[in-house]
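Contents: one structure, followed by commentary.
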Amino acid sequence: MSITEQEWKKEQKRVDLVRREVKKRTEQLQAQVGTVKADIVEIRKNFWDDVKVNFENAIEAAETVASMRQQSEVLGERERLHRHAQKEMKSLYRLEQTPYFGRIDFVEPGEPLQQIYLGTASFLDENDEHFYVYDWRAPVSSLYYDYSPGPAEYETPGGTVEGTMELKRQFIIRDGEIESLFDTGVTIGDELLQQVLGRHSDAQMKSIVATIQKEQNRIIRNVRNRLLVVQGAAGSGKTSAALQRIAYLLYRDRAWLSAEQIVLFSPNDMFNSYVATVLPELGEENMQQATFQEYLERRLGRVFDLEDPFLQMEYVLTAMNEPGYAARIAGIQYKASVPFMRLLEQYANRLGQEGLIFKGLKFRGEPLLSAARMREQFATYDPGMSIPNRLRLLSEWLLSELNELALAQTDQDWVEEEIELLDNEEYLQAYQKLRRQKRFRENTFDDFDRERKMLGEMLVQKRFKPLRNGIKRLKYVDVPAMYRQLFADPKRAVSLGAELPAMFAEFAEQTVEKMLQGELFYEDATPYLYLKELLEGVEMNTQVRHVFVDEAQDYSPFQFAFLKRLFPHAKMTVLGDLNQAIYAHAEKADGFGPLAALYPAEESELIVLKQSYRSTRQIVDFTRKMMPGGEEIVPFNREGEEPTITRAENTADLIAKIIDRIRNLQADQHRTLAVICKTAEESRAAYERLKDALDVKLISKETVHFEPGLVVIPAYLAKGVEFDAVILYNASQDQYGRESERRLFYTACTRAMHELHLYYLGEQSPFLES
């Protein structure tokens, strides 16, 4: 029997031992959970039987409250214990299947050798003295990701621990059986990566803790910088590393950090579904997830019909021949810029000097308090005060004026008419309310004059309530008019010292026309909110401690500055690939430079990931030639089929060839297949032509869940997602001929893991010439 076989048997024996201990602990927890759950049910069932309820006097009331508090605390403690036990049981179930994935032998000077096994969670013996498994996030576990056998060190809260790594071993364990076992060097071994990356794609992203690379570990364990920018090639593991980073932060800072204090901004709802299982797989709750559009809708959806980024993208890709197209593109680029943000700041200052635009108050369709009167009152406040503070003073004045105006309404005919129309229930409610307010001398309500006066006051106050609420929410400030005003008169912008782009007048006219229709371009939403906050005060979220932005190349400098203001106490991690910056504003942007400029240099770090793991070497070699500087992208050495480029004679021939290819791919057991089109319109047309022959789903911006199978999808919605095989529907010069479409084309092609097939009509795209 060889040493390797002996070692294998020894390791399997240890796996069996750990599994037995895990099962024993699981059985103990199951019994504990059952007991605790029975306690919870019993406490809830008999809660009021065990509480002495008596409010006859202050002493009895105090005893009642104390009794209720005591019972609530007992119930709360049992529920916390139950939740903790259930969470531990989920962790144990995972460990029973795969106890660990790595081992390092580490020795400190003068100390005995430590055999350290790494898994998705820590597991100790029954005396809590010996670690069977260390959590991959523990300080000592960083040795596994950062070093090869030889001198090594790791950081702990108590300082640096130095020593020597004698062994670094990797496992693939399935259902308690070791499938692969090998020793490796500085990085996670190619053999393990080959097995993991060679599998078929799934409907949801998986944890990568067993295959974290050294550069990814730098991202995961970075706790020093307020801004961490990860610029990574397509398929370099940016999103995976970000999710493991969230799990690491929740583990490291568990005493004070919760999942609710972390926000991930993702590109679309389908992507949220795609990544939703990673953190639960690691035993952590999911962070908050949102799209930037969802935030904009929450803030502005009641005021405007908002365009979303996908509608903007559709316009950019399809409206090249429409009048005003060049002006709209110029507007998209300018409104995303730092100079436009500075112009809005100057404009807000000017408004503070000259006066804001207000909306007069109306009551029952008649003017109540004019905008001119508000403007006069606003002008009386010290101009040295901030605009939001002056508006607070104006709101107080308006509420005071409103009280006077309300009193004057009580003698109006409409009040008498509404009193007459009160039904018995409303009359009784009024009586009870006035009685609670101690507005009667006796328990009677028979004095007609007093009755009418009291009811009249109550009715007026009720009708004036919406006006009061509107004043408190500053609805009398006409922000839409002030934003429009900046564009309606370009001379105003020039007078503020702004250097305007050549087509400012043209896209300014488009902006005003859109707003007069009650709509707002996507590129205007963030600037509009910024002006609103300059005037009314900044909305901040001070609870969030970490903000993650995926597909960050799609965010404008303006949007990043806004996010920094929104989350003033948060550290920011942004992940993106400038080669996939497909939105129109990115053509004039300076990469992540404007974002980095928001932070002191010593508080930010840029990590560049050049190795691509998603695709085979053949696909990476093919796609990197499409982009300037693509030679810097390093393919992982995983072999596969060469990409194919196929010309079709006509649409019928195109569909026939694609159907034939898909059937071959399905026969090869590929689970996720995508026909990627340029736009939503092309996707719908392709879907209609394929649906009778194949079981296919159409993906649109409304799609919430990512499922395995065959899909037709626009290229801009496929970002961040991967497929076993990709078919590019029409890689022709007509579809992908403009330089501005190069990155969209690259993005579509880089979604493929194992196979990539391109079809075209007419002439092929110039991006394929290389």
Side-chain angles (χ1 to χ4, degrees), residues 208 212-249 262-267 271 275 287 289-292 336-338 341 526 544-583 585-614 627-630 632-634 719-720 743 746-747 750:
I208 62 164
I212 292 169
Q213 303 296 289
K214 184 175 182 179
E215 65 272 22
Q216 292 170 330
N217 198 42
R218 280 181 61 203
I219 298 166
I220 292 166
R221 295 177 187 259
N222 182 301
V223 294
R224 182 181 70 255
N225 301 107
R226 283 188 63 206
L227 171 66
L228 178 62
V229 178
V230 180
Q231 156 62 33
S236 58
K238 300 180 294 295
T239 303
S240 295
L243 293 168
Q244 317 303 308
R245 171 169 169 74
I246 293 171
Y248 173 75
L249 292 169
I262 301 176
V263 176
L264 169 65
F265 282 96
S266 52
F271 182 87
V275 303
M287 67 274 131
Q289 288 179 256
T291 64
F292 192 67
S337 68
V338 173
M341 185 166 64
T526 305
V544 169
R545 289 294 182 266
H546 289 275
V547 173
F548 287 74
V549 182
D550 206 354
E551 301 296 340
Q553 74 279 349
D554 295 338
Y555 287 70
S556 69
F558 208 137
Q559 288 170 330
F560 276 124
F562 191 85
L563 283 175
K564 185 174 183 291
R565 280 163 50 98
L566 178 59
F567 301 104
H569 298 161
K571 292 183 176 181
M572 188 174 289
T573 303
V574 304
L575 313 111
D577 177 12
L578 297 178
N579 285 334
Q580 297 181 66
I582 62 176
Y583 286 91
H585 65 75
E587 291 184 33
K588 293 290 181 70
D590 183 22
F592 295 122
L595 169 61
L598 298 173
Y599 294 83
E602 66 274 11
E603 294 183 2
S604 63
E605 182 174 357
L606 170 66
I607 296 178
V608 179
L609 303 178
K610 295 184 179 181
Q611 182 128 32
S612 179
Y613 300 99
R614 172 186 297 139
M627 301 302 298
E632 294 186 5
I633 300 172
V634 180
K719 284 176 348 90
R743 287 177 291 200
Y746 170 80
T747 299
T750 55

Open item on the list: Tell me whether Gln289 contacts the main-chain N or O of Leu264 through its side chain, where contact means a donor paired with an acceptor under 3.5 Å.
Closed with: no

Task: Ring-face cation of Lys564 near Tyr599 (centre distance under 6.0 Å, axis angle within 45°) - done: yes

TODO: Report yes if the side chains of Val549 and Leu563 come closer than 4.5 Å at any heavy-atom pair, otherwise no.
DONE: yes

Open item on the list: Taking Asn225's backbone N and O only, do any of them form a donor-acceptor pair with Asn222's side chain (distance below 3.5 Å, no angle check)?
Closed with: yes

- [ ] Over all heavy atoms of both residues, which pair between Ser266 and Phe271 is shortest? Give the atoms and the distance, please.
- [x] CB-CD2, 3.4 Å

Open item on the list: Restricting to non-hydrogen atoms, name the atom on Val338 and the atom on Pro594 that form the minimum distance, rounded to 0.1 Å.
Closed with: CG2-CB, 4.5 Å

Open item on the list: Keeping Ser612 on the side-chain end and Ala234 on the backbone end, is there a donor-acceptor pair under 3.5 Å?
Closed with: yes

TODO: Can you see which heavy atom on Gln559 is nearest to which on Asp554, and at what distance?
DONE: OE1-O, 4.1 Å

Open item on the list: For a quick test of reading the model, state the closest non-hydrogen atom pair linking Val544 to Ala570 and the distance between them.
Closed with: O-CB, 3.6 Å

TODO: Give, for atom CG of Asn217 and atom CD of Gln244, the distance between the pair rounded to the nearest 0.5 Å.
DONE: 10.5 Å

Open item on the list: Check whether Arg743 reaches the backbone of Ala581 with its side chain - one donor and one acceptor, N or O, closer than 3.5 Å.
Closed with: yes

TODO: Please work out whether the ring planes of Phe548 and His546 are parallel, tilted or perpendicular, with thresholds of 30° and 60°.
DONE: tilted

Open item on the list: With a 4.5 Å cut-off on side-chain heavy atoms, are Val230 and Leu606 touching?
Closed with: no

Open item on the list: Taking the side chain as everything from C-beta on, heavy atoms only, tell me whether Leu249 gets closer than 4.5 Å to Val223.
Closed with: yes

Task: Residue pairs fulfilling salt bridge (charged side-chain N to carboxylate O under 4.0 Å, His left out) with at least one residue in residues 217-244, sequence neighbours excluded - done: Arg218-Glu605, Arg224-Glu605, Arg226-Glu603

TODO: Taking the side chain as every heavy atom from C-beta outward, state whether His569 and Arg545 have any pair of such atoms under 4.5 Å apart.
DONE: yes

Task: Reported CD-to-OG1 distance for the pair Gln580 and Thr750, which is rounded to 0.5 angstrom - done: 4.5 Å

Open item on the list: What I'd like to find out is whether the side chain of Leu595 reaches to under 4.5 Å of the side chain of Val574, using heavy atoms alone.
Closed with: yes

TODO: Determine whether Ile582 and Tyr746 make a side-chain contact, defined as any pair of heavy atoms from C-beta on separated by less than 4.5 Å.
DONE: no

Open item on the list: Between Thr239 and Asp550, do the side chains contain a donor N or O and an acceptor N or O under 3.5 Å apart?
Closed with: yes

- [ ] Apply side-chain contact (heavy atoms from CB on, under 4.5 Å) to the pair Asn579 and Ile633, showing each step before the final yes or no.
- [x] CA-CA 11 Å; Asn579 285 334; Ile633 300 172; 4.2 Å; yes

TODO: With the side chain counted from C-beta on, respond yes when Leu243 and Val275 share a heavy-atom pair under 4.5 Å apart, and no when they do not.
DONE: yes

TODO: State the CG-CD distance between Leu609 and Gln213, to the nearest 0.5 angstrom.
DONE: 10.5 Å

Task: Side-chain donor/acceptor of Ser240 to backbone N/O of Gly237, under 3.5 Å - done: no

Task: Which atom of Ala233 lies closest to which atom of Asp577, heavy atoms considered - done: C-OD2, 3.9 Å

- [ ] Output yes when a side-chain donor or acceptor of Gln216 lies under 3.5 Å from a complementary backbone atom of Ser236, and no otherwise.
- [x] yes

Open item on the list: Using 0.5 Å steps for rounding, measure from the CE atom of Met572 to the CZ atom of Phe265.
Closed with: 8.5 Å

Task: Distance, nearest 0.5 Å, that separates CD1 of Ile219 from OH of Tyr248 - done: 14.0 Å

Task: Tyr555 side, atom OH; Phe562 side, atom CZ - distance, nearest 0.5 Å - done: 12.5 Å

Task: Minimal non-hydrogen separation, Gln553 against Gly576, with atom names - done: OE1-CA, 3.1 Å

TODO: Answer yes or no: is there a donor N or O on one side and an acceptor on the other, between the side chain of Gln231 and the main chain of Leu578, under 3.5 Å?
DONE: yes

